[in-house]
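Everything below concerns the one structure shown next.
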Amino acid sequence: MQYNEKLQTIISQVAEIAGYLWERGWAERNGGNISYNITEAVDDPIRRLPALSDRIVLPKTMTHLKENYFLVTGTGRRMRYVCSAPMENASIIRISADGTYYEIVAEKPIQPTSELPSHLTIHDYLLGQGRPNKAVIHTHPIELVAMTHNPDFLGKDVLSRLLWSMIPETRAFCPKGVGIVPYTLPGSLELAENTIRQLDEYDVVLWEKHGALAIGEDLIEPFDMIDTLSKSAKIYESACSMGFHPTGMTEAQMDELKQAFNL
Ligand code: 13P
Ligand code: ZN
């Protein structure tokens with residue numbers, strides 16, 4: 001199918017980021033998923049597309065997503081193949097005029113990710129608040145997930161402070177830190193609801209013993225935040241494996257950064 005330039009740019013970005021997730025080792029088998037609100041890029045030829053699927057009822061009414069369109073990676077699809085053939089491994093869905101169901105409209109009837117409840121609940125919530133975020137990434141970054149296995153790190157902002165203190169970039173480019181969602185069944189509405197509560201304060205959330213989820217105006221921004229936090233986690237791991245506990249930057253050094261960069 002021929003897509004307009006705006007849509008083509010979004011599809012290329014999904015492919016680019018999916019490739020990074022695979023290269024980073026965060027996307028074993030079908031691990032991870034991506035969604036992108038493409039409504040602004042949708043033109044008449046797409047609006048006229050007939051449904052390729054039955055009406056699929058949503059777990060709750062998405063009040064703010066009525067007649068919105070999303071590019072969503074397919075369930076069971078591998079990120080490495082989303083990279084090489086995006087429209088063979090993702091589909092475009094249209095939310096109904098009453099926000100209660102969706103239909104797949106392009107390009108093939110590829111069933112969306114099992115984490116669709118979280119993705120759509122997040123888009124619905126953010127749009128309702130007038131926030132500009134269009135992209136959601138969920139992935140399985142090794143060191144960050146490992147850190148969620150330590151109960152000592154799960155208290156509010158404990159992990160944020162530790163990760164900030166590993167390298168100035170993390171303090172500068174992830175100024176909000178990371179939220180934590182206690183272990184919740186993957187794909188559940190409960191996971192979605194627990195996640196949106198964290199998004200009031202954070203742009204990156206760690207799902208305990210599972211993965212990371214990040215939001216952004218495009219996909220580059222949330223990928224970079226997970227990547228930067230992951231760098232800090234690797235530095236921490238590296239120091240521990242050298243046999244010492246890293247001292248980390250001091251509170252005063254982090255405050256100095258906060259002022260210098262207006263964070
Ligand atoms: P999907 O293949 O359904 O996207 O699931 C992958 C995943 O990471 C679930 O949390
Ligand atoms: Zn997952």
Side-chain angles (χ1 to χ4, degrees), residues 10-11 13-38 53 56-59 70-93 95 102 104 106-123 135-149 154 159 178-196 198-199 202-216 219 222-223 225-227 229-230 233:
I10 294 173
I11 295 168
Q13 199 182 85
V14 169
E16 177 190 347
I17 296 297
Y20 299 157
L21 300 180
W22 166 247
E23 283 166 17
R24 281 273 180 267
W26 301 345
E28 76 294 338
R29 199 174 186 277
N30 61 308
N33 26 74
I34 295 173
S35 67
Y36 205 120
N37 189 334
I38 58 166
S53 70
I56 302 153
V57 177
L58 292 165
F70 291 87
L71 180 59
V72 189
T73 56
T75 187
R77 302 291 169 143
R78 281 129 171 104
M79 285 295 144
R80 60 185 188 269
Y81 301 143
V82 173
C83 175
S84 56
M87 295 315 287
E88 300 285 323
N89 294 283
S91 53
I92 295 176
I93 63 169
I95 312 292
Y102 73 87
I104 302 170
E107 190 171 312
K108 296 190 172 165
I110 291 163
Q111 201 195 324
T113 172
S114 58
E115 299 291 2
L116 196 66
S118 277
H119 284 261
L120 291 185
T121 301
I122 291 166
H123 286 291
V136 176
I137 303 186
H138 161 57
T139 187
H140 301 164
I142 304 163
E143 296 82 2
L144 288 171
V145 174
M147 292 181 97
T148 69
H149 284 261
L154 301 182
L159 205 47
V178 278
I180 307 277
V181 171
Y183 182 82
T184 313
L185 183 70
S188 61
L189 194 56
E190 194 190 348
L191 178 58
E193 301 289 353
N194 292 342
T195 304
I196 55 169
Q198 296 296 314
L199 294 177
Y202 308 98
D203 289 335
V204 183
V205 170
L206 294 180
W207 289 347
E208 182 188 346
K209 298 170 189 155
H210 179 169
L213 181 137
I215 57 170
L219 284 168
F223 171 80
M225 282 193 293
I226 299 174
D227 196 31
L229 290 160
S230 182

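Side chains included, hydrogens not; waters and symmetry mates left out as well; all remaining heavy atoms used. For ligands, and for the atoms within them, numbers begin at 1 and follow the listed sequence.
Within 6.0 Å of the CD atom in Gln111, the count of heavy atoms belonging to other residues, nucleotides or ligands does not exceed 12.
Here the SG atom belonging to Cys83 is positioned 10.5 Å from the CG atom belonging to Asn89, to the nearest 0.5 angstrom. Here the CD1-OG1 distance, from Ile110 to Thr73, works out to 10.0 Å after rounding to the nearest 0.5 Å. Note: Ile17 CD1 to Ile137 CD1 = 5.5 Å, rounded to the nearest 0.5 Å. Residue Leu120 holds its CG atom at 10.0 Å from OG1 of Thr113, rounded to the nearest 0.5 Å.
Here the side chain of Thr148 pairs a donor or acceptor atom with the backbone of Lys209 at under 3.5 angstrom.
Taking the six-membered ring wherever Trp is involved, the centroid distance between the rings of His138 and His210 falls below 6.0 Å.
Residues Thr195 and Thr121 are not in side-chain contact: their nearest non-hydrogen atoms beyond the backbone lie 4.5 Å or more apart. Side-chain atoms of Glu208 and Leu154, non-hydrogen and from C-beta on, do get closer than 4.5 Å to each other.
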Which N or O atoms of ligand 1 sit under 3.5 Å from a protein N or O, and how far apart is each pair?
{"unit_1": "ligand 1", "atom_1": "2 (O)", "unit_2": "Asn30", "atom_2": "ND2", "d": "2.7"}
{"unit_1": "ligand 1", "atom_1": "2 (O)", "unit_2": "Gly76", "atom_2": "N", "d": "2.8"}
{"unit_1": "ligand 1", "atom_1": "3 (O)", "unit_2": "Thr75", "atom_2": "OG1", "d": "2.6"}
{"unit_1": "ligand 1", "atom_1": "3 (O)", "unit_2": "Ser114", "atom_2": "N", "d": "2.8"}
{"unit_1": "ligand 1", "atom_1": "3 (O)", "unit_2": "Ser114", "atom_2": "OG", "d": "2.6"}
{"unit_1": "ligand 1", "atom_1": "4 (O)", "unit_2": "Asn33", "atom_2": "ND2", "d": "2.8"}
{"unit_1": "ligand 1", "atom_1": "4 (O)", "unit_2": "Thr113", "atom_2": "OG1", "d": "2.7"}
{"unit_1": "ligand 1", "atom_1": "5 (O)", "unit_2": "Ser114", "atom_2": "OG", "d": "3.4"}
{"unit_1": "ligand 1", "atom_1": "8 (O)", "unit_2": "Gly32", "atom_2": "N", "d": "2.9"}
{"unit_1": "ligand 1", "atom_1": "8 (O)", "unit_2": "His138", "atom_2": "NE2", "d": "3.4"}
{"unit_1": "ligand 1", "atom_1": "8 (O)", "unit_2": "His140", "atom_2": "NE2", "d": "3.1"}
{"unit_1": "ligand 1", "atom_1": "10 (O)", "unit_2": "Glu115", "atom_2": "OE2", "d": "2.5"}
{"unit_1": "ligand 1", "atom_1": "10 (O)", "unit_2": "His138", "atom_2": "NE2", "d": "3.3"}
{"unit_1": "ligand 1", "atom_1": "10 (O)", "unit_2": "His210", "atom_2": "NE2", "d": "3.0"}

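Excluding waters, the protein N/O/S atoms found under 2.8 Å from the Zn ion (ligand 2) are His138 NE2, His140 NE2, His210 NE2.
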